[in-house]
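See below for the structure under consideration.
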Protein chains: 2
Amino acid sequence: MATAEQLGYVASSSASGLATGRTLAMGVVVPNVTRWFYATVLEGIDAELRRVGYDTILFNLGLRGEDRERVFHRSILRKRTDAVIALCIDFTPAEREQLASLGHPTVVVGGPVPGLRHVGVDELGVAREATTQLIGLGHRRIGHLAGASERGLNKRVPQRRRRGYELAMTAAGLPVERDWLERSTFDIAGGRAATLRLLARAPRLTAIFAASDEMAIGAILAARELGLDIPRDLSIVGIDDHPLAETFGLSTVAQDALGQGRLAAQLMLDELSGAAPRPGPFRFPATYVERATTAPPSC
Amino acid sequence: MATAEQLGYVASSSASGLATGRTLAMGVVVPNVTRWFYATVLEGIDAELRRVGYDTILFNLGLRGEDRERVFHRSILRKRTDAVIALCIDFTPAEREQLASLGHPTVVVGGPVPGLRHVGVDELGVAREATTQLIGLGHRRIGHLAGASERGLNKRVPQRRRRGYELAMTAAGLPVERDWLERSTFDIAGGRAATLRLLARAPRLTAIFAASDEMAIGAILAARELGLDIPRDLSIVGIDDHPLAETFGLSTVAQDALGQGRLAAQLMLDELSGAAPRPGPFRFPATYVERATTAPPSC
DNA sequence: TTGAAAGCGTTACCAT
DNA sequence: ATGGTAACGCTTTCAA
């Protein structure tokens, strides 16, 4: 052993993979790596894997998803990994079947997929919490910046957040006007543009619940451009607790993306070392963080 | 072949890796995956690799770098990849030697490392360009938000950008006051805090050149908090052309991170298919984009 | 405790 | 063209 060490010998992973059937690598399927949530969950997964010497193989479906089929066939199914963690992916039935046929542990983070185990927050509950906080402040005309369904991505996340908003409004006896809803991509630029559209159409809104912090920050920027004072003229709440939320003083419902990644990795590692599969789902708590973008309506 | 296809047969990568000596995987060493530049270069690399069926193995050194040694030994050297692309890493001599002993193609993106090939922009030139633009508008008291040297990261990037600023100032016969310099991490929160410190100390600055767009956006936020009007009271220029730059109307020197990633991947793939190594360095052009945060000084 | 040998699933070479 | 076989570098088992 000492001599091997001195010579700088390192075992070949292909050879030991062949011999043992273990690759010591985890596949992580991501829609892309530039969005906060994906990057942060990935960071959490990878931190956990690193500790035990596991490698992360990135199966990036790409911003446009054009190579999705190829990635699936040429990469994921090539027995290069011992387990797979997927982020907010909307698998087709065929894809799910192929994954299952691989016969190794699989878990999804951030948006439930029927038939697969799931780590994430209660999307509906989180949205209801955010909306209820606004209602509790006395707001009655509350708009919603909903996430757009992007192809290939899990559509349940934006859907459930919207549903949570509607349920909270209805439960409080408030109307849910069609004009109070606007859709955008889950990023700052999208949120900004959607807010401009929304406020042009429904200028009397006193509050906006955005489906993500990035969208909410876009809303803040848009409101400022319109000369609105936040929170006096408009309250804004997001979801995530993005690092920028603090910088912008954004009130939000915090979710622990890093922790979700860590847990998903932990689950997979446990099962790979022989533990019985825990069925889940694994619900992460999410807590409201009051900052400076929320206040009672001024009129 | 048809039958194999029908049965859903996919070759084992360990076995074919053993037999051919080719893993069809590329190692990508990143400091983390949450910063824009790294994520975007990674996206570019991965897009190129996907096309030809190559997999991306993420060697994440981690936000705190605590597992660096382990990642190196247990992962990078394990012959799991055919080539390695490293982003802004500051390799120790020992690490470089180990990498070299692996004997496979290697390239660095985004900050030169002695002895390794390099894809990136002319850091010094980019900074000089940004500063010169401010000088051209008539500014004379120009501050600089420099990037802090983070451990394990390439220190040349912040250093050269600072040097470019100093050279531009000196060339224009302007003084470079010590009070006009402030350091921060390469992100929005850091840029904001540093700007608050900077303007507290040197309130008469009429312009700030930030070493990255994220820092520049932090500067914009800080200036707004101080009640300054941009660009009337303060001009701000960044580097990158981050997606948010447009949203904030930030003038900046644009660099093509995605393209740098693509090129690095292309280089490696070419050499793996037998092409002679091109020595480089591979300098990417960077162009000034004038937006709304720059104007002549008002006093 | 140490050593020898079979086998993992491919590829590539060499006969046929 | 086609089929058989050795070899890739490791792990694991079995014998000594």
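Quick note on labels: first sequence line is chain A, next is B, and so on, each numbered from 1.
For Arg35(A), the CZ atom is densely surrounded, since the number of other residues' heavy atoms within 6.0 Å is greater than 12. Within 6.0 Å of CZ on Arg262(B) lie more than 12 heavy atoms contributed by other residues, nucleotides or ligands. Crowding of Arg96(B) atom CZ: a count of heavy atoms from other residues, nucleotides or ligands under 6.0 Å exceeding 12. Other residues, nucleotides and ligands place more than 12 heavy atoms under 6.0 Å from the CZ atom of Arg22(B).
Put simply, CZ on Arg22(B) is 13 Å from C1' on dT11(C), counting in whole angstrom units. Look at CZ on Arg78(A): it is 15 Å from C1' on dG9(C), rounded to the nearest Å. In this structure, CG of Leu24(A) is placed 15 Å from C1' of dG9(D), rounded to the nearest angstrom.
When the nucleotides dC10(D), dT11(C), dC8(C) are ranked by their closest atom to the side chain of Thr20(B), dT11(C) comes out on top. Of the candidates dT10(C), dC8(C), dC8(D), dC8(C) carries the atom nearest the Leu18(A) side chain, counting heavy atoms from C-beta on. If you check dG9(C), dC10(D), dT10(C) against the side chain of Ser16(B), the one that comes closest is dT10(C).
Rounding to the nearest 0.5 Å places CG of Asp213(A) at 9.0 Å from CG of Leu244(A).
Helix-axis bend for the helix from dT1(C)-dA16(D) to dT16(C)-dA1(D): the local axis fitted to the five terminal pairs at one end deviates from that at the other end by 50°, rounded to 10°.
Residues that satisfy the side chain to side chain donor-acceptor pair (under 3.5 Å) test with Arg162(B), not counting sequence neighbours, are Glu166(B).
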